[in-house]
Structure formats: C-alpha cells, structure tokens
K.L.:
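Next up is a structure, given as structure tokens.
Everything numeric here is computed off the predicted structure, so don't read it as measured data. To find a chain, count down the sequence lines: A is the first, B the second, and so on, and within it residues start at 1.
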Amino acid sequence: MQYWLMKSEPSEASIDDALAAPGAVLPWIGVRNYQARNFMRDQMAVGDGVLFYHSSCPQPGIAGLAEVASSAYPDASQFEPQSPYYDSKATQEQPRWMLVDVRALHKTRLLSLAELRAHPDLSQMLLLQRGSRLSITPVSAAEWRIIRALLQ
DNA sequence: GCCAACGTTGGC
DNA sequence: GCCAACGTTGGC
C-alpha cells in the first residue's frame with residue numbers, strides 16, 4: 001500500500017468533476033512526463049491512497065481523497081490526432097503513455113499549499129521541494145498520516 | 001503576465 | 001555525449 005499526490009487543474013478535472021463521473025472514476029489522461037508515467041506504470045497498485053490536488057488555480061491545495069482504481073494501461077489520447085495530448089511517435093503496438101483510473105472518494109476542506117508549506121513535519125514532501133513540478137509524487141506513510149489528521 | 005525551474009529536442 | 005534553445009509547469 002502506497003500513497004500518492006496527484007495534481008489536476010480544476011478547470012480540466014476537479015474533485016467535483018471526478019465525483020460526478022460514472023463510479024466516481026476518472027482515467028488520469030494527459031500525463032506526458034516519464035517520471036510520472038513510470039510511477040503509474042511501475043509502482044501504483046489498486047487501492048493505493050491518493051491526495052487529489054488542485055493546481056494552476058486561485059486556491060492550489062489538496063481538495064479531496066481518492067484511490068487508485070486500476071493498474072496501468074495505454075492512454076488512448078496519445079493516439080488521437082485532434083487531442084491536445086496526441087503523440088505522433090506513439091503507436092498502438094508501442095504506446096508511450098500509460099495511465100491508471102482514479103476513484104474519487106470524497107471532497108475535503110481545501111488544505112492549501114501555504115498550509116502544507118507551513119507545517120514543519122511536511123517540509124520533505126516532494127510537492128514542496130524547490131522547483132518540483134512533477135504532477136504525480138509519492139507521499140510517505142508519515143506524511144499521509146499527518147495530512148489525514150489535518151483534514152479531519 | 002511574469003518568471004524560476006525543469007524537461008525535451010536536436011545540431012554538432 | 002554536450003549543450004543551447006525552446007517549451008512547459010505552476011505559483012504568485
């Protein structure tokens with residue numbers, strides 16, 4: 001059992017959008033970073049805990065809880081020429097981009113980036129490291145516990 | 001809109 | 001393999 005933080009721009013897919021989806025499940029399309037892809041492909045398992053983070057928005061922060069709901073499979077958007085996520089170098093035989101399904105569990109209060117930064121025991125979170133832009137980062141069990149408590 | 005930081009591309 | 005140029009991320 002591992003824990004993750006996954007960023008989504010709420011203008012693209014918010015926690016409300018995820019909860020409104022069939023089964024509250026979203027295929028996590030559009031990841032085009034190898035490190036983030038590798039986390040999904042190689043390390044995620046069904047049932048892993050996910051912090052649903054809103055990025056590139058007026059109030060960045062953790063907005064909900066979710067879980068990994070599938071193992072990795074090819075991201076279909078890489079094959080769609082009209083998609084912003086199209087990748088001309090990807091083929092059905094050799095897909096380049098993988099994703100997992102994410103099931104939203106419930107909204108939380110907005111645990112802001114500023115509050116995360118202010119917490120001394122969270123200073124090692126990958127999210128908070130200087131220059132960190134990864135859209136998917138592992139969260140330690142200790143960080144997960146602290147954040148769950150902050151969300152109570 | 002600005003800009004720091006990072007990742008990718010492609011010429012050499 | 002190097003590295004400059006470029007594109008993207010994402011907070012502010």
K.L.:
May I ask you to say whether A/R148 pairs ionically with A/E143, meaning some side-chain N is under 4.0 Å from a carboxylate O?
P.N.:
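Here A/R148 does not pair with A/E143 in a salt bridge, since their nearest N and O are not under 4.0 Å apart.
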K.L.:
For DNA chain C, determine which residues of residues 29-39 of chain A have any heavy atom closer than 4.0 angstrom to one of its atoms, and list them numerically.
P.N.:
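Here the set is empty: none.
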K.L.:
Listed by chain and number, what are the side chain to side chain contact (heavy atoms under 4.5 Å, CB included) partners of A/R145, not counting sequence neighbours?
P.N.:
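Scan of A/R145 (side chain to side chain contact (heavy atoms under 4.5 Å, CB included), adjacent residues dropped) gives A/A141, A/A142.
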K.L.:
Suppose the criterion is ring pair (Phe, Tyr, Trp, His ring centres under 6.0 Å): which pairs have a residue in residues 84-123 of chain A, not counting sequence neighbours?
P.N.:
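The answer is A/Y34-A/W97.
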K.L.:
With sequence neighbours left out, write down each residue that passes ring pair (Phe, Tyr, Trp, His ring centres under 6.0 Å) with A/F52, or none if nothing qualifies.
P.N.:
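So A/F52 forms a ring pair (Phe, Tyr, Trp, His ring centres under 6.0 Å) with A/W28, A/H54.
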K.L.:
Show every side-chain hydrogen bond (donor to acceptor under 3.5 Å, both in side chains) that has at least one partner inside residues 60-78 of chain A, sequence neighbours left out.
P.N.:
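Only A/R32-A/D75, A/R32-A/S77, A/E67-A/R103, A/Y73-A/D101, A/D75-A/S77 qualify under side-chain hydrogen bond (donor to acceptor under 3.5 Å, both in side chains).
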K.L.:
Identify every side-chain donor-acceptor pair in residues 12-26 of chain A under 3.5 Å, counting partners at least two apart or on other chains, and give the distances.
P.N.:
residue: A/S14; atom: OG; partner: A/D16; partner atom: N; Å: 3.3
residue: A/S14; atom: OG; partner: A/D17; partner atom: N; Å: 3.1
residue: A/S14; atom: OG; partner: A/D17; partner atom: OD2; Å: 3.2
residue: A/D16; atom: OD1; partner: A/K107; partner atom: NZ; Å: 3.3
residue: A/D16; atom: OD2; partner: A/K107; partner atom: NZ; Å: 3.3
residue: A/D17; atom: OD2; partner: A/S14; partner atom: N; Å: 2.9

K.L.:
To the nearest Å, give me how far apart CD1 (A/I136) and C1' (C/dT9) are.
P.N.:
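Between C1' of C/dT9 and CD1 of A/I136: 14 Å.
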K.L.:
When you compare the protein's N or O atoms with those of nucleotides 10-12 of chain C, which come within less than 3.5 Å of each other, and at what distance?
P.N.:
residue: C/dG10; atom: OP1; partner: A/K7; partner atom: NZ; Å: 2.7
residue: C/dG10; atom: OP1; partner: A/R133; partner atom: O; Å: 2.7
residue: C/dG11; atom: OP1; partner: A/Y53; partner atom: OH; Å: 2.9
residue: C/dG11; atom: OP2; partner: A/S56; partner atom: N; Å: 2.9

K.L.:
Does A/L110 have any side chain to side chain contact (heavy atoms under 4.5 Å, CB included) partners at least two apart in sequence or in another chain, and if so, which?
P.N.:
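Partners of A/L110 by the side chain to side chain contact (heavy atoms under 4.5 Å, CB included) criterion, ordered by chain and then number, come out as A/Q59, A/A63, A/S112.
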K.L.:
How would you list, by chain and number, every residue that makes a ring pair (Phe, Tyr, Trp, His ring centres under 6.0 Å) with A/F39, sequence neighbours excluded?
P.N.:
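Scan of A/F39 (ring pair (Phe, Tyr, Trp, His ring centres under 6.0 Å), adjacent residues dropped) gives A/W4.
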